[in-house]
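Read through the structure below, which is laid out as structure tokens, and then see the notes.
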Amino acid sequence: MGMDRRNFLKTVGGLALFTIVPRHVLGHGYIAPSDQLTKGIIGVGGMGRGHVNYEGTRLVAVCDVDKKHLELGKKLVKDQIAAYHDFRDLILDPNVDIVHIATPPHWHGIMSVEAAKAGKDIWCEKPMTRTIGEGKRVMEAVEQYGRMFRLNTWFRFKDPFYGLGTPVKPLKKLVQSGMLGWPLKVTISKHTGFDWKFYWVGKEYLEPQQIPAELDYDMWLGPAPYKPYNAHRVHQNFRGYWDYDSGGLGDMGQHYIDPVQYILGKDDTSPVKVEVDAPQQHPDAVGVWRSITYTYDDGCQIVLWGGDFGDPNTPYIAGPNGNVYKNFVCDIPDWEKKLADYPEPEPQISTFLESVKSRQPFALNERNGFRSATIVNMGAAALRLNRTLNFDPVKLEFVDDEAANRLLDQPSRAPWNI
């Protein structure tokens, strides 16, 4: 996959329209006159169009393979902005500081790596990647080229955490205090305040349909296997197909699981086992599941219950010495008074603008984001194979399971690869 568009982009007359000088053009340590960073969004469907005004950035370019989406993207700001059909053109646009990737997940890995190679900082939607192998290469590329990376789920550092009714920081402080004991079991279910979106399921039989004139379907598929077009396969419904995502698990997994990884202090490792209780999955269409259980080498567990399954009385965090329930209810007597004597969790950079300026890692970056994406992708692999899988968190491969390891790095359709 060549990045041979530099000469073209250098001669684009429209570049003179932009009044903000990209920070990377000025050099490290210099700030653009407006103290803003410029941003280009790849994928301006619903998700991309909803992320225009984040953290001191100015939108200067959009890209989409659907002409209708692209036209909507061009109207996101009053200023004239660049509009591209091919993501490689946006990545090489010298006016863009930050590449925001808001495509379906099967594109996240390739686009993140190419953006890193081009010297751009990266803001990527969740899940970080669709496979563990892709995530590993994104992590390596971001670090090799010295880029800043933000994964766009924020609950480990801001906002109330769904049904817990509290930001994650007090939960982190309570766990690291040791008051609950060890090991801990965290249950993520409708009953604890986290409802998995089981409407993200695919249809097992899709009749081929005519491709709309506005959509470049071949480019939309990109590295994914070629399958005949059907409207249910693309845009809002793509999460229901294994080629592009992994249903409700892929949609909400990093939102729900990443803060748990942080709370448990597991940012540098992964579970060693994943077990599933689910119907046999269709090879193309994502289905539902009853439970997914992850176990770490120290005995800590993360248990996911789908739908209405699971015990309504189960605590969110269960420990040998105490439990935490929905709405941040803890059954340890005087726990709040006792907790006040313990140190606060280490501070995190929670504004990507600060991370880009200081060149210090964002709170949710390529390393810890890779680990929480790995948890999601371990679950997806176990669901697809419908069996328990053992995992080596150092080698980043499944143990003695050839079929599972084939899901680490799945074939990409030519010419797309990382």
Taking the six-membered ring for Trp, is the centroid-to-centroid distance between [X] and [Y] below 6.0 Å?
X      : Y      : result
Tyr244 : Trp220 : yes
His232 : Tyr241 : yes
Trp154 : His255 : yes
Tyr256 : Phe155 : no

Output for pair (Lys185 NZ, Asn323 CG), nearest 0.5 Å, gives 11.0 Å
Distance only, no hydrogens: is a donor on one side chain within 3.5 Å (strictly under) of an acceptor on the other, for [X] and [Y]?
X      : Y      : result
Gln301 : Thr295 : yes
Asp284 : Trp242 : no
Ser372 : Gln254 : yes
Asp64  : Tyr84  : no

Does the side chain of Phe391 reach to within under 4.5 Å of the side chain of Val272, using non-hydrogen atoms? no
Notebook entry, point to check: How far apart are the C-alpha atoms of Glu125 and His100, what are their side-chain angles, what is the distance that settles it, and do they pass the side-chain hydrogen bond (donor to acceptor under 3.5 Å, both in side chains) test?
Noted result: CA-CA 8 Å; Glu125 293 301 319; His100 185 154; 2.7 Å; yes
The single option from Phe352, Phe149, Phe362 that satisfies ring-ring contact (aromatic ring centres under 6.0 Å, His included) with Trp123 is Phe352
[X] (side chain) donor-acceptor with [Y] (main chain) under 3.5 angstrom:
X      : Y      : value
Arg239 : Gln236 : no
Ser270 : Pro393 : no
Asn327 : Gly165 : no
Arg130 : Trp107 : no

**Request:** Cation-pi check, Lys136 to Phe370: give yes when NZ or CZ is under 6.0 Å from the six-membered ring centre and within 45° of the ring axis, no otherwise.
**Result:** no
Can you confirm if the NZ or CZ of Lys266 lies within 45° of the ring axis of Tyr296 and under 6.0 Å from the centre of its six-membered ring?
yes
With a cut-off of 3.5 Å and sequence neighbours excluded, list every side-chain donor-acceptor pair involving residues 197-208.
| residue | atom | partner | partner atom | Å |
| --- | --- | --- | --- | --- |
| Trp200 | NE1 | Asp251 | OD2 | 2.8 |

* **Check against side-chain hydrogen bond (donor to acceptor under 3.5 Å, both in side chains), His191 and Asp308** => CA-CA 8 Å; His191 306 301; Asp308 293 320; 5.7 Å; no
Heavy-atom nearest pair, Pro271 first then Ile375, reads CD-CG1, 3.8 Å
query = Do Arg156 and Asp267 sit within salt-bridge range, that is, some charged N less than 4.0 Å from a carboxylate O?
reply = yes
Residue pairs passing the ring-ring contact (aromatic ring centres under 6.0 Å, His included) test with at least one member in residues 297-318, sequence neighbours excluded, are Phe194-Tyr316
